[in-house]
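Contents: one structure, followed by commentary.
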Amino acid sequence: MTPLELACGIVLGFEPPEPWPPDSAALGPVAALEAALLPALRNPPCLVSFSGGRDSSLVLAAATRLARREGLPDPVPATNRAMDAPAAEETRWQELLVGALRLSDWVRCCHTDELDAVGPYAQRMLRRHGLVWPFNAHFHLPLIDAARGGSLLTGIGGDELFGAVRRTRLTAVRTLQIRPRRRDAGRAALALAPAGLRARVLERRLPIDFPWLRPEAAGAAMRALAAVSAREPHSLRSRVPWYRALRYLRVSLSSLDAPARSGDVRILHPLADRALWRAVEVAAAPHGFEDRTAGMRHAFGDLLPPELLAREDKATFDDVFFTGHARAFADAWTGGGVPEALVDVESLRRHWRSDSPRPQSFSLLQAAWLASAGDRADQPVGGLGESRPALRPA
């Protein structure tokens, strides 16, 4: 991360565009997804990072069907369960899919405060691999431990995939799929304006009100974020490569490479596979899907139970990452480890001591911890993981 990205907790800008794989347009979405899954299934044990959300559920369901068709061992769902964070509770959705798939193994790692942003797993990540983004990359360490010698599949990239193929409102208006509203004229004018003008307008609409940022840092972050948003296209053909070039996606996908190598695990992110994106883009042509549910139903509708496919809520893990470990560190922090030209130390300290610190400040928390760690010993990670038979409905 650059100092500005560290200060605001947001990775900005673009990476060079990627070419599409040869013949990827000829694959359907399911075939492309299966091609992305097969290398992991052929390197068992194959675990799936499974939260119960739609992305990880899609990966688990597709991997299970493919494994059984190919005569390979079933994938094993692997779930981090936060025992003291009700907002992260997804047991109902997890059991719905595991029961429907009739999976006999399910690795469940139960945690209290071990996944804190400066807790035992985060400390291990920071000491071995340095500061990485996103700050919660250590969330996968228990699952990497469980997959040692095999493979781990994640659902990273699903939000971006279905965001890229979502039909924009202006496209829907232009193609007469919805009735225009008065404000659509302004949206159309902004879309046709030069990128520099769009960026100046969006800068006023995208305030970054993080109280720990110095005014000049907040202004620089708003300008950088607006410059990225101003380049977002409306046409499907342009939106897909725009999404794939977002730097935060590339950084996020690479954040687990080193931990996986250290754990002797092959990690794959099938929903970020380039051939899959190309196949879903072709399926969404010419104007994109109405929304995420429509896209998932069209591309992968027979893989998930209808109730899960239509799900629109998501669990939140903010309470998992800021527990007693983080509060104790914040209380004792004397400054240091953060870019003070961009960050007001006293304001940051007050923010960390507030009731609900913003997760965008947690990279700074880790940077401060790393700078102060010295030769302190790692805290041991308890053996709370467990493997049980899947829970099935009566």
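Only a predicted model underlies this, so the values are computations on that prediction, with no experimental measurement involved.
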>> For Val251 and Glu5: C-alpha separation, side-chain torsions, deciding distance, then whether side chain to side chain contact (heavy atoms under 4.5 Å, CB included) applies.
In response: CA-CA 12 Å; Val251 171; Glu5 291 171 336; over 6 Å; no
>> Can a side-chain donor-acceptor contact be found between Gln94 and Arg108 if the only test is distance below 3.5 angstrom?
In response: no
> Is it true that the side chains of Ser361 and Trp352 contain a donor and an acceptor less than 3.5 Å apart?
Replying inline: yes
> Going through the checks in order, is the side-chain hydrogen bond (donor to acceptor under 3.5 Å, both in side chains) test met by His140 and Ser49?
Replying inline: CA-CA 8 Å; His140 277 88; Ser49 176; 3.1 Å; yes
Under a single-linkage definition using a 4.5 Å side-chain heavy-atom cutoff for Ile, Leu, Val, Met, Phe, Trp and Tyr, are [X] and [Y] assigned to the same hydrophobic cluster?
X: Phe289; Y: Val282; result: no
X: Val30; Y: Leu276; result: yes
X: Tyr248; Y: Trp242; result: yes
X: Val132; Y: Val320; result: yes
X: Ile156; Y: Phe300; result: yes

> Hey, which of Thr168, Thr175, Val165 is the one that makes side-chain contact (heavy atoms from CB on, under 4.5 Å) with His287?
Replying inline: Thr175
Quick one: does any side-chain atom of [X] pair with a main-chain N or O of [Y] as donor and acceptor, under 3.5 Å?
X: Asp105; Y: Val76; result: no
X: Glu340; Y: Val338; result: no
X: Arg266; Y: Ser151; result: no
X: Ser56; Y: Ser51; result: yes
X: Arg54; Y: Arg311; result: yes
X: Arg250; Y: Pro16; result: yes
X: Asp319; Y: Ala85; result: no
X: Glu160; Y: Arg244; result: no
X: Arg349; Y: Trp333; result: yes
X: Arg274; Y: Pro19; result: yes

>> I'd like to know whether Thr154 forms a side-chain hydrogen bond (donor to acceptor under 3.5 Å, both in side chains) with His269, so could you lay out the CA-CA distance, the side-chain angles of the two residues, the decisive distance to 0.1 Å, and finally the verdict.
In response: CA-CA 5 Å; Thr154 82; His269 314 290; 2.7 Å; yes
Hey, is [atom1] on [X] packed in by over 12 heavy atoms from elsewhere, all under 6.0 Å?
X: Arg353; atom1: CZ; answer: yes
X: Arg181; atom1: CZ; answer: no
X: Arg183; atom1: CZ; answer: no

> Relative to each other, are the rings of Tyr243 and Trp277 parallel, tilted or perpendicular (30° and 60° limits)?
Replying inline: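 Geometry flag for Trp277 against Tyr243: tilted rings.
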> Which word best sums up how the rings of Phe139 and Phe321 line up, parallel for under 30°, tilted for 30 to 60°, or perpendicular for over 60°?
Replying inline: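 Phe139 vs Phe321 ring planes: perpendicular.
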>> I'd like to know if Arg358 pairs up with Asp209 as an ion pair, taking the criterion as any Lys NZ or Arg NE/NH1/NH2 lying under 4.0 Å from an Asp or Glu carboxylate oxygen.
In response: yes
>> Check Glu281 with Arg278, please: is the shortest side-chain N to carboxylate O separation under 4.0 Å?
In response: yes
Rounded distance (nearest 0.5 Å) linking atom [atom1] of [X] with atom [atom2] of [Y]:
X: His138; Y: Ile144; atom1: NE2; atom2: CD1; answer: 12.0 Å
X: Ser255; Y: Met125; atom1: OG; atom2: CE; answer: 6.5 Å
X: Thr171; Y: Gln177; atom1: OG1; atom2: CD; answer: 8.5 Å
X: Leu309; Y: Leu303; atom1: CG; atom2: CG; answer: 9.5 Å
X: Phe329; Y: Gln366; atom1: CZ; atom2: CD; answer: 10.5 Å
X: Trp369; Y: Asp116; atom1: CH2; atom2: CG; answer: 11.5 Å

>> Ignoring hydrogens, what is the shortest heavy-atom contact between Ala32 and Ala275? Give both atom names and the distance.
In response: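 Of all heavy-atom pairs spanning Ala32 and Ala275, the closest is CB-O, 3.9 Å.
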> Where is the tightest heavy-atom contact between Leu131 and Leu370, given as atom of each residue plus distance?
Replying inline: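 Closest approach of Leu131 to Leu370: N-CD2, 4.1 Å.
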>> Show, in sequence, the C-alpha distance, side-chain angles and deciding distance for Glu15 and Arg247, and conclude whether the salt bridge (Lys or Arg N to Asp or Glu O under 4.0 Å) test is met.
In response: CA-CA 5 Å; Glu15 294 286 332; Arg247 184 165 169 266; 3.4 Å; yes
>> If we check ring-ring contact (aromatic ring centres under 6.0 Å, His included) with Phe135, which of these qualifies: Tyr121, Phe362, Phe322?
In response: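 Going through the options one by one, the only one that passes is Phe362.
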>> Is there a salt bridge (Lys or Arg N to Asp or Glu O under 4.0 Å) between Arg68 and Asp74? Walk through the geometry before answering.
In response: CA-CA 7 Å; Arg68 291 170 179 170; Asp74 277 352; 3.0 Å; yes
List the atom pairs, donor and acceptor, that lie under 3.5 Å between side-chain atoms in residues 222-231 and the rest of the protein, sequence neighbours left out.
unit_1: Arg223; atom_1: NH1; unit_2: Gly219; atom_2: O; d: 3.4
unit_1: Ser229; atom_1: OG; unit_2: Leu225; atom_2: O; d: 3.2

> Quick one: is the NZ or CZ of Arg81 closer than 6.0 Å to the six-membered ring centre of Trp106, and within 45° of its axis?
Replying inline: yes
